[in-house]
Amino acid sequence: MFESLSDRLGSVFDRLTKQGALSEADVIAALREVRTALLEADVSLPVARDFIKRVQDKATGSAVTKSITPGQMVVKIVHDELIRVLAGDEPADALKIDNPPAAILMVGLQGSGKTTTTAKLAKRLKDRNGKRVLLASLDTNRPAAMEQLAILAGQVGVDSLPIVKGETAVQIARRAKTQAAMGGYDVLFLDTAGRLHIDEVLMDEVQAVRDIAQPRETLLVVDGLTGQDAVNVAAEFDGKVGISGVVLTRMDGDGRGGAALSMRAVTGKPIRFVGLGEKMDALETFEAERVAGRILG
Ligand code: GDP
């Protein structure tokens, strides 16, 4: 996660901390490099600009430049600002899964890692919270995707709704709700169909399913490697169907990481989890402090 961003920031801060005395011009020059590193990591321009401005306001006062360890103070200011931009003003809550059966709607584009993430979350809720979980695939266009979810459910030891050919997504959602209530499940995951692009058909279907399912959470799964695109997709899904949070996948890759930094500021929605691999336990809750620590190495 964030290797190249960390490397770039690491070398800027190495120089700053080794330099001893710092003038305002030194700080400004270093922050210009930080800004370039953020943009190269695909952080959106307004977010990068605002970030640098806030750091600069705090870091160019005499309290910093006249201190004994000015470089370290600048690094600390950047660290705190990273946490602020990652976490937003309010921390993300835990998943809302009280009042069983709680429906969780999983949405996202095809290939984002939605089905994998659904199974990972199911495993987590079963193993850590002792929840009874039911999975249902609504991807009527791709029978293989429905089977894949059933296979993953088996792997992680939770139930999946039996596949009935010829049903619409809304019909499956209805059947899943009934089954979840009758079967005494705590949590029902509805894995909606993905498409290659956002289109009206996709959004109409997700809206119809949402209205039936009345989900407690609508989690958008996006590929963290796609940088700003991931943020754009999130903004669009949020505008059309309303999302309660984001799962960023493929954060195990050496992606540019910008999506993580821009997501909250651009969409106002929290990143709830990050996917860190293909294995079923490769999922972590998103914690701003840990992520800021990783970015600064
Ligand atoms: P969907 O079309 O959105 O349901 O995507 P899938 O869940 O089928 O995932 C597509 C591919 O991405 C699969 O090969 C997954 O194993 C892989 N994948 C999903 N999440 C991650 C992740 O966090 N890291 C990595 N490296 N691969 C992932």
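Starting from 1, each residue takes its place in the sequence as its number. Fair warning: this is a prediction, and the values are worked out from it, not measured in the lab. Order of appearance sets the numbers: ligands from 1, and atoms from 1 within every ligand.
Not one N or O on the side chain of T116 forms a donor-acceptor pair closer than 3.5 Å with the backbone of E278.
With hydrophobic clusters built from ILVMFWY side chains whose heavy atoms lie under 4.5 angstrom apart, M280 shares a cluster with V133.
Residues D26 and S23 have side chains that bring a donor and an acceptor to within less than 3.5 angstrom of each other. Judged by distance alone, the side chains of S44 and Q228 never bring a donor and an acceptor atom under 3.5 Å apart.
Applying the salt bridge (Lys or Arg N to Asp or Glu O under 4.0 Å) rule to pairs touching residues 58-73 yields K58-E81, sequence neighbours excluded.
Protein residues having a heavy atom under 4.0 Å from any atom of ligand 1 are L109, Q110, G111, S112, G113, K114, T115, T116, K120, R142, Q148, T249, R250, D252, G275, L276, G277, E278, listed by chain and number.
Both the sub-6.0 Å distance and the 45° axial angle are not jointly satisfied by R272 relative to the ring of F286.
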